[in-house]
Q: 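Shown below is the structure under consideration.
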Amino acid sequence: DTAKFASAFYLGHALYQKLAPAKSAQKYGYTVDPPLEYACSVNADINLALGISACLLFFKNPSSANRAIGAGMLAMILGNIGVLLNDPVERLEFVTTTGQLMQLAVNGFVTYALLSGADYADLTLKAFSIWLLSNGALCALSPNQADDAWGGEAEDTTAGGRAKIRVIGGNCMALGTFCHALALDKSPSQAFGLAFIPIAINLLNCMYVSPADFKDANIRTGPVYGWIVASLIAIATLAFPEAAAATAA
């Protein structure tokens, strides 16, 4: 059905982003340097967490949504560890070693709580969704402040870097929306549809309301419009099932 197809496509695209961050970024028009490649990898980790969680819910039907999200979060943990082990973090201009360790601690705690079925798992998921939504909103609306907040140096960040931080913000809010919707006992398909609302709003904002970073970075409009259309379709078919059913009738 629509939810299975959408989640599989989303996961496949996230895998492509993770395995070939430079090539995937170039398709959107980015000029790729080490900091931007790092940002692309972070973006892929967030998308993998959402894609894995959704696919598990739609294809495997695990015993709880918490465990599906916990399994998806492993992608973010592995991403944190990979950066700490392989990259000289201080030159990546976005997140310092301290910031990476903080992310790893938060992601590790949340993953443990969700996978272990701890008594505080539901509360942890709600708190984590707020953490994702607040950080995502900061990245999407004020990339320079987000850069400074995580220990980067905003004055050294390129237009491409700011554009990618905005994109990360939208995807971070998507994961946060998905987690919060499931915490409120929404169905997996509705939660996945709702996750596309911040993606669509963020891309529309980047294209029309605050377009400077996308324009300065020479971001190609075609792929962006493709994601906007795909997001709107997912929202229309999944986010509001009652309205979709009434329209079909």
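What you see is a predicted model, and the numbers here were worked out from it, not measured in a lab. Note: hydrogens, waters and symmetry copies are ignored here, and every other heavy atom, side chains too, is used.
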Q: Out of curiosity, does I197 fall in the hydrophobic cluster containing L184 (side-chain heavy atoms, cut-off under 4.5 Å, transitive links)?
A: no
Q: For the side chain to side chain contact (heavy atoms under 4.5 Å, CB included) test, which of V83, D33, N43 pairs with Y38?
A: V83
Q: Measure the spacing between CZ of R67 and CG of L56 and express it to the nearest 0.5 Å.
A: 12.5 Å
Q: Under a single-linkage definition using a 4.5 Å side-chain heavy-atom cutoff for Ile, Leu, Val, Met, Phe, Trp and Tyr, are I46 and Y28 assigned to the same hydrophobic cluster?
A: yes
Q: Is any side-chain heavy atom of F128 closer than 4.5 Å to a side-chain heavy atom of F109?
A: no
Q: What's the spacing between S53 OG and Y10 OH if we round to 0.5 Å?
A: 11.0 Å
Q: Is the side chain of D147 donor-acceptor paired with the backbone N or O of P143 at a distance under 3.5 Å, no angle test?
A: no
Q: Is it true that, when you exclude F9 itself, more than 12 heavy atoms of the residues, nucleotides or ligands shown sit nearer than 6.0 Å to its CZ?
A: no
Q: Nearest 0.5 Å please: distance from the CG atom of N144 over to the CD1 atom of I165.
A: 7.5 Å
Q: Do T31 and L36 have side chains that approach each other closer than 4.5 Å (heavy atoms only, starting at C-beta)?
A: no
Q: Under 4.5 Å between side-chain heavy atoms, counting indirect links through other Ile/Leu/Val/Met/Phe/Trp/Tyr residues: same cluster for L125 and V106 or not?
A: yes
Q: Honestly curious: do L175 and I199 fall in one hydrophobic cluster under the side-chain, below-4.5 Å linking rule?
A: yes
Q: Which pairs pass salt bridge (charged side-chain N to carboxylate O under 4.0 Å, His left out) with one or both residues in residues 4-29, sequence neighbours excluded?
A: K18-D45
Q: Report yes if the side chains of F196 and T177 come closer than 4.5 Å at any heavy-atom pair, otherwise no.
A: no
Q: Taking C-beta and beyond as the side chain, do L132 and M173 meet within less than 4.5 Å on heavy atoms?
A: no
Q: Using the side-chain contact (heavy atoms from CB on, under 4.5 Å) rule, take V167 and F214 through it: C-alpha gap first, then chi angles, then the decisive distance, then the call.
A: CA-CA 10 Å; V167 172; F214 269 37; 3.9 Å; yes
Q: So which pairs with a foot in residues 112-128 pass side-chain hydrogen bond (donor to acceptor under 3.5 Å, both in side chains), sequence neighbours left out?
A: N66-D122
Q: Let me check something: do Y16 and I219 share a hydrophobic cluster, defined by ILVMFWY side-chain heavy atoms less than 4.5 Å apart, either directly or through other members?
A: no
Q: Rounded to the nearest 0.5 Å, how far apart are CG of D185 and CD of Q190?
A: 11.5 Å
Q: So how far is it from L114 CG to C179 SG, rounded to the nearest 0.5 Å?
A: 7.5 Å
Q: Any chance you could measure Q100, atom CD, to L104, atom CG, to the nearest 0.5 Å?
A: 8.5 Å
Q: Taking all non-hydrogen atoms of both residues, which atom of S129 and which atom of G176 are closest, and how far apart?
A: CB-O, 3.4 Å
Q: Taking only distance into account, with no hydrogens and no angle test, what donor-acceptor pairs under 3.5 Å do side-chain atoms of residues 201-210 form with protein atoms, sequence neighbours excluded?
A:
from	atom 1	to	atom 2	distance (Å)
N202	ND2	R166	O	2.8
Y208	OH	Y225	OH	2.9

